[in-house]
Amino acid sequence: MAPLAPPTILQARLLGTFPDPKQLPPPVTREIAFAGRSNVGKSSLMNALMGRRNLVRTSSTPGCTRQLGFFEVELRDQGQLILVDLPGYGFARRSKQERAGWAQLIEHYLLARPALSAVVLLADCRRGFEEEEQQLLSLLSQDVRGIRRAPPIVPVATKLDKLPRAERKPALQRLHDASRLPVLGVSVEEP
């Protein structure tokens, strides 16, 4: 596996975190959202991709990300894009009401954001795609009439280092079979 810090990113910075869809910055450039259950490694992967250690807040406690985090990335070719850290779904030590609010925030962003260009869907390679991931795949595969076409989905299997080497390829194959999409396997712990 190659290191995750791509050489094409010149600069990355936090634009802000937003608890309400009405507060989001204007959609002026391509946005790539990172989605997955709580504690799957969304923030860690984003930090690795941007070549930063602590730009995106990480925690071992599920439910750390509670708002949409927008990160502006300047690319070597002078292009820009926005990486969006979505709150995790599934288990988190938060009230049902707060988790329901996150679900509404995520769904509104995914369905109504015209600048959404792709969604990176993360799953722990040891767990695979469960019901929530299947629901998200189904939601994302729909065109949103008058707003945008269904965005490309990039399934990513995280925490590959947690499996013995002999179990990695079968785990990736199970994710591929469940999503019918090519799956990238990553580890932010080992090169």
With rounding to the nearest 0.5 angstrom, report the [atom1] to [atom2] distance, [X] to [Y].
X	Y	atom1	atom2	value
F71	N47	CZ	CG	7.5 Å
L10	L75	CG	CG	7.5 Å
L137	E132	CG	CD	12.0 Å
L105	L86	CG	CG	8.0 Å
F34	L83	CZ	CG	5.0 Å
D85	I32	CG	CD1	13.5 Å

With sequence neighbours excluded, what pairs up with [X] under the side-chain hydrogen bond (donor to acceptor under 3.5 Å, both in side chains) test?
X	answer
Q173	D177
Q80	none
T17	Q67
E130	R127

Original post:
Is any side-chain heavy atom of P87 less than 4.5 Å from a side-chain heavy atom of L68?
Top reply: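 When only atoms from C-beta onward are counted, L68 and P87 do touch, with a gap below 4.5 Å.
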Which residues pass the side chain to side chain contact (heavy atoms under 4.5 Å, CB included) test with [X], not counting sequence neighbours?
X	value
D20	K22, Q23
A123	F129, L175
K162	R126, K159
P27	E31, R113, P114, A115

Where is the tightest heavy-atom contact between [X] and [Y], given as atom of each residue plus distance?
X	Y	answer
V183	L172	CG1-CD2, 4.0 Å
E167	L163	OE1-CD2, 3.7 Å
L55	A12	CD2-CB, 3.7 Å
R37	K42	O-NZ, 3.2 Å
P152	S117	CD-O, 2.9 Å
F70	L24	CE1-CD2, 3.6 Å

Cluster overlap [X] with [Y], hydrophobic side-chain contacts below 4.5 Å:
X	Y	result
M50	L122	yes
V154	L81	yes
V73	V156	yes

**OP:** Could you check L110 against E107 for side-chain contact (heavy atoms from CB on, under 4.5 Å), going step by step and ending with a plain yes or no?
**Re:** CA-CA 5 Å; L110 294 174; E107 188 171 314; 5.9 Å; no
**OP:** Give the C-alpha distance, both sets of side-chain angles, the deciding distance and a yes or no for side-chain contact (heavy atoms from CB on, under 4.5 Å) between V119 and L136.
**Re:** CA-CA 10 Å; V119 176; L136 193 54; 5.6 Å; no
Subject >> salt bridge (charged side-chain N to carboxylate O under 4.0 Å, His left out) against E72, all qualifying residues, sequence neighbours excluded >> reply: R13
